[in-house]
Student: 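The structure is given below, and queries will be raised subsequently.
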Amino acid sequence: MATVRELKATARPKSGKGAARAERRAGRVPAVIYGDNKAPLPISVDDRELRQRIFAGHFLTTIFNIELDGQKHRVIPRDYHLDPVKDFPLHVDFLRLGEGATIRVSVPLHVKGAEVSPGVKRGGTVNIVTHTIDLEASVENIPQFIEVDVSALEINNSVHLSDVGLPTGTKPVSRGDATLVTIVPPSGYAEEQKAAAGAEGAAAAPAAGAAAPAAGAAPAAAKAPAGGGAKK
């Protein structure tokens with residue numbers, strides 16, 4: 001379920017590129033809180049702490065209580081931008097969450113049971129078709145991830161969205177039954193299957209052919225009458 005974290009912020013009185021660069025030079029990341037029919041609130045957060053939150057994972061599905069001037073704002077990150085070269089955060093957008101809010105979230109997929117999957121043991125590979133699932137969820141029921149069990153999958157078998165139990169208070173955005181994970185056959189698997197099928201057919205052919213002459217064979221010679229032999 002949704003994890004709530006604490007995050008301290010400072011009001012950002014100025015906007016614009018120049019002010020944003022000044023915040024970054026001071027070791028802070030420009031951000032904004034918006035939504036819930038209230039005016040956008042420009043803020044900044046500590047660069048080091050924000051990096052830890054982002055790179056720890058599940059950042060976009062984590063609810064934060066942002067403390068600003070003695071007041072807490074309940075938010076969820078909706079987007080963030082990283083420097084394309086140095087990979088440090090440049091800006092974050094936080095969505096303000098009202099009481100009983102329902103939002104759309106992209107929840108990551110976690111695969112379990114691959115090490116015991118019969119398809120994997122036969123040389124197959126786990127192919128994650130969809131890495132995230134888009135869900136509508138109440139704020140209290142945002143999952144950190146959706147777990148998919150592949151421990152029983154054979155080669156060419158798949159797990160679909162309808163096969164996965166979603167948490168209470170959530171529903172998929174997509175109406176189709178999306179394929180989530182498949183077990184992909186190893187290289188040459190199709191040729192091996194054809195060769196095996198051909199070998200089975202060849203083995204069955206002689207047995208069928210041997211039965212035919214027996215059915216149409218000439219009757220055995222009649223036995224000589226009892227006591228019969230050459231006349232004396």
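None of the values given here were measured: they were computed from a predicted structure. By convention here, the first residue in the shown sequence is residue 1.
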Student: Before giving the answer on side chain to side chain contact (heavy atoms under 4.5 Å, CB included), spell out for Val111 and Ile128 the whole-Å C-alpha distance, their side-chain angles and the decisive distance to 0.1 Å.
Tutor: CA-CA 8 Å; Val111 174; Ile128 303 176; 3.9 Å; yes
Student: Under the side chain to side chain contact (heavy atoms under 4.5 Å, CB included) rule, what do Ile103 and Leu95 come out as? Steps first, then yes or no, please.
Tutor: CA-CA 10 Å; Ile103 62 172; Leu95 174 64; 4.1 Å; yes
Student: With sequence neighbours excluded, tell me which residues meet side chain to side chain donor-acceptor pair (under 3.5 Å) with Asp46.
Tutor: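 So Asp46 forms no side chain to side chain donor-acceptor pair (under 3.5 Å) with any residue.
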Student: Using the side-chain contact (heavy atoms from CB on, under 4.5 Å) criterion, which residues pair with Ala11? Sequence neighbours excluded.
Tutor: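 Per chain and number, Ala11 pairs via side-chain contact (heavy atoms from CB on, under 4.5 Å) with Leu68, Asp69.
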Student: Mind checking whether Val32 and Val92 have side chains closer than 4.5 Å, heavy atoms only?
Tutor: no
Student: Do Asn127 and Val181 have side chains that approach each other closer than 4.5 Å (heavy atoms only, starting at C-beta)?
Tutor: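 Answer no - side chains too far apart.
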Student: Could you tell me which non-hydrogen atom of Ile155 sits nearest to which non-hydrogen atom of Pro185, and how far apart they are?
Tutor: CG2-CB, 3.5 Å
Student: Can you list everything that forms a ring pair (Phe, Tyr, Trp, His ring centres under 6.0 Å) with His58? Sequence neighbours excluded, please.
Tutor: His110
Student: Leu97 and Ile63: side chain to side chain contact (heavy atoms under 4.5 Å, CB included), yes or no, with the steps?
Tutor: CA-CA 9 Å; Leu97 299 175; Ile63 295 174; 4.1 Å; yes
Student: Return all side-chain donor-acceptor pairs below 3.5 angstrom for residues 35-43, not counting sequence neighbours, or 'none' if the list is empty.
Tutor:
none

Student: Could you give me the CA-CA distance, side-chain angles and deciding distance for Glu115 and Lys121, then say whether salt bridge (charged side-chain N to carboxylate O under 4.0 Å, His left out) is met?
Tutor: CA-CA 8 Å; Glu115 66 281 358; Lys121 287 184 175 181; over 6 Å; no
Student: Run through the side-chain heavy atoms of Ile, Leu, Val, Met, Phe, Trp and Tyr, join any pair under 4.5 Å, and report what else lands in Leu90's cluster.
Tutor: Phe88
Student: Is there a path of hydrophobic side-chain contacts, each under 4.5 Å between heavy atoms of I/L/V/M/F/W/Y residues, joining Val173 to Leu180?
Tutor: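 No, Leu180 does not connect to Val173 through the hydrophobic network.
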Student: Do the side-chain N and O atoms of Arg28 and Thr10 include a donor-acceptor pair separated by under 3.5 angstrom?
Tutor: yes
Student: Taking C-beta and beyond as the side chain, do Pro186 and Thr125 meet within less than 4.5 Å on heavy atoms?
Tutor: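 Of all side-chain heavy-atom pairs linking Thr125 with Pro186, none is under 4.5 Å.
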Student: Can you name the residues that form a side-chain contact (heavy atoms from CB on, under 4.5 Å) with Glu6, not counting sequence neighbours?
Tutor: Asn65, Lys72
Student: Can you tell if the side chain of Val105 reaches within under 4.5 Å of the side chain of Asp134, non-hydrogen atoms only?
Tutor: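 Not touching, per the 4.5 Å side-chain cut-off.
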Student: Counting C-beta onward and ignoring hydrogens, is there a side-chain heavy-atom pair between Pro30 and Arg24 closer than 4.5 Å?
Tutor: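 Yes, their side chains come closer than 4.5 Å.
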Student: Looking only at heavy atoms, which two atoms of Val29 and His91 are closest? And how far apart?
Tutor: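 Minimum heavy-atom separation between Val29 and His91: CG1-N, 3.9 Å.
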Student: Partners of Arg25 by side-chain contact (heavy atoms from CB on, under 4.5 Å), sequence neighbours excluded?
Tutor: Arg21, Ala22
Student: Evaluate the side-chain proximity of His131 to Leu109: yes if any heavy-atom separation is below 4.5 Å, no if none is.
Tutor: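 Of all side-chain heavy-atom pairs linking His131 with Leu109, none is under 4.5 Å.
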Student: Say whether Val116 and Leu153 are linked into one hydrophobic cluster, either directly or through other cluster members, by side-chain heavy-atom distances under 4.5 angstrom.
Tutor: no
Student: Over all heavy atoms of both residues, which pair between Thr132 and Thr130 is shortest? Give the atoms and the distance, please.
Tutor: O-CG2, 2.7 Å
Student: Which value, rounded to the nearest 0.5 Å, describes the distance between Asn141 atom CG and Thr102 atom OG1?
Tutor: 9.0 Å
Student: Heavy-atom distance under 4.5 Å between the side chains of Phe59 and Leu50, does that happen here?
Tutor: yes
Student: Counting distance only, does the side-chain N/O of Thr170 pair as donor-acceptor with the main-chain N or O of Leu135 below 3.5 Å?
Tutor: no
Student: My understanding is that only residues two or more places apart in sequence, or in another chain, count here; which of them pass side chain to side chain donor-acceptor pair (under 3.5 Å) with Arg51?
Tutor: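 With sequence neighbours excluded, Arg51 shows a side chain to side chain donor-acceptor pair (under 3.5 Å) to Asp47, given in chain and number order.
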Student: Would Val126 and Val120 count as a side chain to side chain contact (heavy atoms under 4.5 Å, CB included) if you check the C-alpha gap in whole Å, the side-chain angles of each, and the deciding distance to 0.1 Å?
Tutor: CA-CA 7 Å; Val126 175; Val120 172; 3.8 Å; yes
Student: Does Arg12 reach the main-chain N or O of Ala31 with its side chain, forming a donor-acceptor pair under 3.5 Å?
Tutor: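 The answer is yes, because a donor-acceptor pair under 3.5 Å joins these two groups.
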Student: Looking only at non-hydrogen atoms, find the nearest pair between Ser117 and Ile183 and report the distance.
Tutor: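 Where Ser117 meets Ile183 most closely, the heavy atoms are OG-CD1, 4.1 Å.
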Student: For the OG1 atom of Thr182 and the CG atom of Asn156, what is their distance to the nearest 0.5 Å?
Tutor: 8.5 Å
Student: With Glu67, which residues qualify under side chain to side chain donor-acceptor pair (under 3.5 Å), at least two apart?
Tutor: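 Testing Glu67 for side chain to side chain donor-acceptor pair (under 3.5 Å), a comparison that skips the adjacent residues, returns none.
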Student: Could you go through residues 160-167 and list every donor-acceptor pair under 3.5 Å that involves a side-chain atom there, pairing it with any protein atom two or more places apart or in another chain?
Tutor:
residue: His160; atom: NE2; partner: Thr179; partner atom: OG1; Å: 3.3
residue: Ser162; atom: OG; partner: Asp177; partner atom: OD1; Å: 3.1
residue: Ser162; atom: OG; partner: Asp177; partner atom: OD2; Å: 2.8
residue: Asp163; atom: OD2; partner: His160; partner atom: N; Å: 2.8

Student: Work out which heavy atom in Val45 is nearest to a heavy atom in Ala9; give both atom names and the distance.
Tutor: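 Looking at all heavy atoms of both residues, the closest pair is CG1-CB, 3.9 Å.
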Student: Under the rule for side chain to side chain donor-acceptor pair (under 3.5 Å), what residues qualify as partners of Arg96, not counting sequence neighbours?
Tutor: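 Residues passing side chain to side chain donor-acceptor pair (under 3.5 Å) with Arg96: none at all.
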Student: Would you mind writing out the side-chain donor-acceptor pairs for residues 76-83 within the sub-3.5 Å range, not counting sequence neighbours?
Tutor:
residue: Arg78; atom: NH1; partner: Arg104; partner atom: O; Å: 2.9
residue: Arg78; atom: NH2; partner: Arg104; partner atom: O; Å: 2.8
residue: Asp83; atom: OD1; partner: Val85; partner atom: N; Å: 2.9
residue: Asp83; atom: OD1; partner: Lys86; partner atom: N; Å: 2.6

Student: Measuring only between side-chain heavy atoms, which start at C-beta, is Phe64 closer than 4.5 Å to Arg74?
Tutor: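 Result no, sub-4.5 Å side-chain heavy-atom pair not found.
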